[in-house]
Number of protein chains: 2
Amino acid sequence: MTPSNRTSDSANALRLEQQICYAMHTTVRAFDAAYRELLSDHGISYPQYIALMTVGEHGPLTVGRLGELMHLDSGTLSPLLKRMEAAGLVGRARDPEDERRVVVSVTAAGHHLLGALGDVPHQIAVRSGLSRQELLDLHRTLRRVTERLDTGA
Amino acid sequence: MTPSNRTSDSANALRLEQQICYAMHTTVRAFDAAYRELLSDHGISYPQYIALMTVGEHGPLTVGRLGELMHLDSGTLSPLLKRMEAAGLVGRARDPEDERRVVVSVTAAGHHLLGALGDVPHQIAVRSGLSRQELLDLHRTLRRVTERLDTGA
DNA sequence: GGCAATTACATTGTGCGCAATATGATAGTA
DNA sequence: TACTATCATATTGCGCACAATGTAATTGCC
């Protein structure tokens, strides 16, 4: 390897490092666009869909617990949940045991929508073109990177 | 493999498919937080940083060309570039050849900031904990998925 | 030249996400 | 009980991203 090649490699490494994050941004936006296509007819966004699925799976959750599961805080969740409540998909009620807490639950309409959207994850997976093994590998990589970035502050 | 195992695998497959995208969301936000730590002292955001680097690399660009490179439209770029112009990092000028076009260039202060931020990509790469090979693999996977999602509409 | 179609940006409105702050409820303590 | 600290959520302000629309400049065609 010549010195000029090493220089070039180093420059490429920098470009790669700097762009791996932007590549992820771009891919996420492409995923979002694909979800938007499948979800917009039903009047919900991708984050709302995730919130609906999460509450649907875990049963009624406090806002704080939902935030832990989704890695989001009340500044994001409060208005999102209010929009979903206005759309009739979830209920929000103060916990009588502790009036500070707000418990979020899926309404009948919300469950109905979840049923109608049951095939969405598979459609997205097919569109992504990733094999099951690639999905597993990617997911493992993402989890590892996220943990590294979160703890390595 | 028993039927119950198959059912379980199928459920897990669905969960994986549905969550690979959200895992990417979470990872991107972790990357953003890492960049924010390194960039906020200099008064710019991650998208602004990318825009600055892109114009710095390619030389003066029209808004449209920058949008092609960043995969963003004028609805995002126009206000972003105006903020960067207000911060003195870029210049914006109508192209005399075609007054519809706005040409974006990096100012002296912008070049100075780019120099000061030269080590940021490497710091991020180190924090991510990914090896060079893993970076390459991940980048390849992301490019492939993005293209599939973009074309497969 | 005159006029419609196209091009390149800008603007508006909506939602997501984060930081900082505010509000109200609960717990702890004197 | 009163007073403070803490906790759970809400609110505000800012920036990013997208969709839809608006506007001014250019091109194409007659």
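Throughout, protein chains are lettered first and strands after them, A, B, ... in sequence-line order, and every chain is numbered starting at 1. Computed from a prediction, not measured in an experiment: that's the story for all the values here.
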Engineer: Look at the side-chain N and O atoms of B/Lys82 and state whether any lies under 4.0 Å from the OP1 or OP2 oxygen of C/dT11.
Structural biologist: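 Yes, B/Lys82 has a side-chain N/O under 4.0 Å of OP1/OP2 on C/dT11.
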Engineer: Are the charged groups of B/Glu68 and B/Arg65 less than 4.0 angstrom apart, N to O?
Structural biologist: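 Counted as a salt bridge, because a side-chain N and a carboxylate O are separated by less than 4.0 Å.
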Engineer: Please examine the side chains of A/Leu38 and A/Arg127, heavy atoms only from C-beta on, and report whether any two atoms are closer than 4.5 Å.
Structural biologist: yes
Engineer: B/Thr146 and A/Ala30: which non-hydrogen atoms are nearest, and at how many Å?
Structural biologist: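 Result for this residue pair: CG2-CB, 4.2 Å.
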Engineer: Between P on D/dA8 and CG on A/Leu61, what's the gap in Å once rounded to a whole number?
Structural biologist: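 So the two atoms are 15 Å apart, to the nearest Å.
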Engineer: Taking all heavy atoms of A/Leu114 and all of A/Gly56, pick out the closest pair and write down the distance.
Structural biologist: CD1-CA, 4.2 Å
Engineer: Nearest whole Å is fine: how far is D/dC7 P from A/Arg65 CZ?
Structural biologist: 17 Å
Engineer: Does any non-hydrogen side-chain atom of A/His25 lie less than 4.5 Å from one of B/Asp32?
Structural biologist: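 When only atoms from C-beta onward are counted, A/His25 and B/Asp32 do touch, with a gap below 4.5 Å.
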Engineer: Grab the CG-C1' distance between B/Asp98 and D/dA24 for me, whole Å please.
Structural biologist: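 Answer to the nearest Å: 11 Å.
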Engineer: I want to check one thing: is the phosphate of C/dA10, taken as OP1 and OP2, less than 4.0 Å away from some side-chain N or O of B/Arg92?
Structural biologist: yes
Engineer: Check this for me: does the side-chain of B/Arg100 come within 3.5 Å of the base of C/dT7 through a donor and an acceptor?
Structural biologist: yes
Engineer: Check the distance between C/dC9's P and B/Leu80's CG and give it to me in whole angstrom.
Structural biologist: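 The answer, rounded to whole Å, is 15 Å.
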Engineer: At under 4.0 Å between heavy atoms, what does A/Ser45 touch on the DNA or RNA strands: base, sugar-phosphate, or nothing?
Structural biologist: sugar-phosphate
Engineer: Nearest whole angstrom, please: distance from the C1' of D/dT9 to the CD of A/Glu68.
Structural biologist: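 In whole Å, D/dT9 C1' and A/Glu68 CD are 14 Å from each other.
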Engineer: Expressed in angstrom and rounded to an integer, what is the separation of A/Gln48 atom CD from C/dG17 atom P?
Structural biologist: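 Going from A/Gln48 (CD) to C/dG17 (P), I get 10 Å.
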Engineer: Distance-only, no hydrogens or angles: does the B/Arg94 side chain make a donor-acceptor pair with backbone N or O of B/Arg100 under 3.5 Å?
Structural biologist: yes
Engineer: Of all the heavy-atom pairs spanning B/Leu135 and A/Ile20, show the shortest one and how long it is.
Structural biologist: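 Answer, listing the atom of B/Leu135 first, then A/Ile20: O-CD1, 3.7 Å.
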Engineer: In whole angstroms, how far is the P atom of C/dC18 from the CE atom of A/Met70?
Structural biologist: 11 Å
Engineer: Listing time: all N or O pairs from protein to nucleotides 18-22 of chain D that are below 3.5 Å?
Structural biologist:
from, atom 1, to, atom 2, distance (Å)
D/dC18, OP1, A/Arg29, NE, 3.0

Engineer: Remember a base hit wins even if backbone is also touched, and classify A/Arg94 as base, sugar-phosphate or nothing at under 4.0 Å, heavy atoms.
Structural biologist: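 Sugar-phosphate contact only.
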Engineer: If you look at every strand shown and take non-hydrogen atoms under 4.0 Å, does B/Leu77 touch a base, only sugar-phosphate, or nothing?
Structural biologist: nothing
Engineer: Please tell me which of A/Tyr22 and A/Val63 maps to the more 5' nucleotide of DNA chain D, matching each residue to the nucleotide holding its nearest heavy atom.
Structural biologist: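 Going by which nucleotide is closer to the 5' end, it is A/Val63.
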Engineer: What's the CE-P distance between A/Met84 and C/dG15, to the nearest Å?
Structural biologist: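 My rounded result for the distance is 13 Å.
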